[in-house]
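Source: prediction; values computed, not measured. The chains referred to below are lettered A, B, ... by the order of the sequence lines, with proteins before strands, and numbering in each begins at 1.
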Amino acid sequence: MKPDFTRRLLQWNKNSNTRVMPWKGEKDPYKIWLSEIILQQTRVEQGWSYYEKFIAAFPTILHLARANEEKVFKMWEGLGYYSRCKNLIATARKIAGEYNGIFPSTYEEIEALPGIGPYTAAAISSFAFNLPHAVLDGNVQRIIARYFGNSTPIDTTAGRKLYQSLAQSLLPCDEPGIYNQAIMDFGAVICKPQNPLCSTCVQQKECEAFRQNVVSQLPVKQKAIVKKERWLYYFIVEYKGKWYIKQRTAKDIWENLFEFVLFESTAAVEDITLKMPFLKKLVNGQAVHIESISRMYRQQLTHQTIHGRFVKIVAGEALPSLNGYLLVDKKQLSKYAFPRFITTYLGEPAPPAQLF
DNA sequence: AACACGGGGAG
DNA sequence: CTCCCAGTGTT
């Protein structure tokens, strides 16, 4: 016999769940997979248009596998966590090459694919293949911690193991796909992080957190967020109407995205002139002038605050110090994926040239 | 086990 | 501001 929780959840889903999303009820494992990768640590509203854009451009996994890598990154631009995009391409090509374009249909094979962990493997295998694997995402962790009144931190190995086990025990093995979708909808619509709708919740009577009036204190997280501050000074060097850009390769934020000539500092740089050592070395006595210096930009990320300015520099001759850079026409710039920090600057009207 | 990885919306 | 989102990979 199913636990009361499960029975009530399925009943709520049938009678009251009005949530609609483009991938809901989807049976094509490719489309399910794509939606799940897009939605990792990403709100549904944010990922929605990206999903539709990807499906339109790449109707099947073979379309994606054959796609130009830079084009895929360009389509991912702005969504964040760019390793997802790299792994998306890798998995598409792996399935094209090793699986003849047919998405694997066992949990173990799916979980072995790049960018797919326990959550995504459970989601795909239950939605597409009706396999009995319980999803454990932020929604499910929150619901279970509250329902059982459990204060074990969710961001620990022990916590994940505990909640995964509880989630699995609540799963109805005859309809795991429907249930997995329902519990995530329930978490998003009813058992929300803030201001959950306890007054209309079908689980209220048996919810331990509600009974003890500790709903707002659950789930518990152990790790506090540590923040870093960084100052990025981007020099946009123009030569014959073209700009120098380079792909980021370091194991750092924005890996694989493009950027301009970067000087990074752990503190603000007060005077930006041709005399500053970084520029002096860059220019090496050649004919250049500073055309404009932008306002201070600031971007708040989860784990770091980025500050910085953009400095337009016009060069009268090519700069040998920039070997390894691409020199691309301004009109071709939109083919490359840039971090939001840079596209924000590029999207603002250019300031009038000043004299420095 | 701890840390790194984006961006945006809500409060 | 802080929190958190359909988490995963690396060290």
[X] [atom1] to [N] [atom2]: how many Å, rounded?
X        : N     : atom1 : atom2 : value
A:Trp76  : B:dG6 : CH2   : C1'   : 11 Å
A:Lys228 : B:dC3 : NZ    : P     : 12 Å
A:Asp252 : B:dC3 : CG    : P     : 17 Å
A:Phe338 : B:dG6 : CZ    : P     : 16 Å

Sugar-phosphate only, base, or nothing, as touched by A:Gly78 at under 4.0 Å among non-hydrogen atoms: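 Since only primed, P, OP1 and OP2 atoms lie under 4.0 Å of A:Gly78, the category is sugar-phosphate.
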Under 4.0 Å protein heavy-atom contact, by nucleotide of nucleotides 3-11 of chain C - B base, S sugar-phosphate only: -BBBBSS--
Please measure how far the [atom1] atom in [N] lies from the corresponding atom in [M], and state the result in whole Å.
N      : M     : atom1 : value
B:dG9  : C:dT8 : P     : 24 Å
B:dA10 : C:dA6 : P     : 13 Å
C:dT11 : B:dG6 : P     : 15 Å

Pairs involving residues 227-241 of chain A, ordered by first then second residue, that meet side chain to side chain donor-acceptor pair (under 3.5 Å) (sequence neighbours left out):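 Checked against side chain to side chain donor-acceptor pair (under 3.5 Å) - neighbours excluded - the pairs reaching residues 227-241 of chain A are A:Glu229-A:His307, A:Arg230-A:Asp252, A:Arg230-A:Glu264, A:Arg230-A:Gln304, A:Tyr234-A:Glu259, A:Glu238-A:Trp243, A:Glu238-A:Lys312.
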Pairs flagged by ring-ring contact (aromatic ring centres under 6.0 Å, His included) wherever residues 115-137 of chain A is involved - sequence neighbours left out: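 Sorted result for residues 115-137 of chain A: A:Tyr107-A:His133.
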ring-ring contact (aromatic ring centres under 6.0 Å, His included): pairs with one or both residues in residues 172-199 of chain A, sequence neighbours excluded: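 Sorted result for residues 172-199 of chain A: A:Trp12-A:Phe186.
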Closest-nucleotide ordering on DNA chain B, the 5'-leading residue of A:Ala158 and A:Arg340: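 Whichever sits nearer the 5' end wins; that is A:Ala158.
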A:Lys192 or A:Leu301, whichever maps to the more 5' nucleotide of DNA chain B: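 The answer here is A:Leu301.
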Hey, can you pull the donor-acceptor pairs under 3.5 Å for the side chains in residues 95-103 of chain A, sequence neighbours left out?
none

Nearest to side-chain heavy atoms of A:Asn195, which nucleotide of C:dT2, B:dG6, B:dG11: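 Of C:dT2, B:dG6, B:dG11, B:dG11 is nearest to the side chain of A:Asn195.
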Side chain of A:Trp254 - closest among B:dC3, C:dC1, B:dG7: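 Nearest nucleotide to the side chain: B:dG7.
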B:dG6 OP1/OP2 closer than 4.0 Å to side-chain N/O of A:Gln299: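 Answer no for this pair, as no side-chain N or O of A:Gln299 is under 4.0 Å from OP1 or OP2.
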Residues A:Phe310, A:Tyr297; criterion ring pair (Phe, Tyr, Trp, His ring centres under 6.0 Å); working and verdict: CA-CA 8 Å; A:Phe310 295 84; A:Tyr297 284 78; 5.4 Å; yes
Ring pair (Phe, Tyr, Trp, His ring centres under 6.0 Å) partners of A:Tyr325, counting only residues at least two apart: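 Expected list: none.
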Salt-bridge criterion met for A:Lys74 and A:Glu70 (N-O under 4.0 Å):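 Result for this pair is no, no salt bridge flagged.
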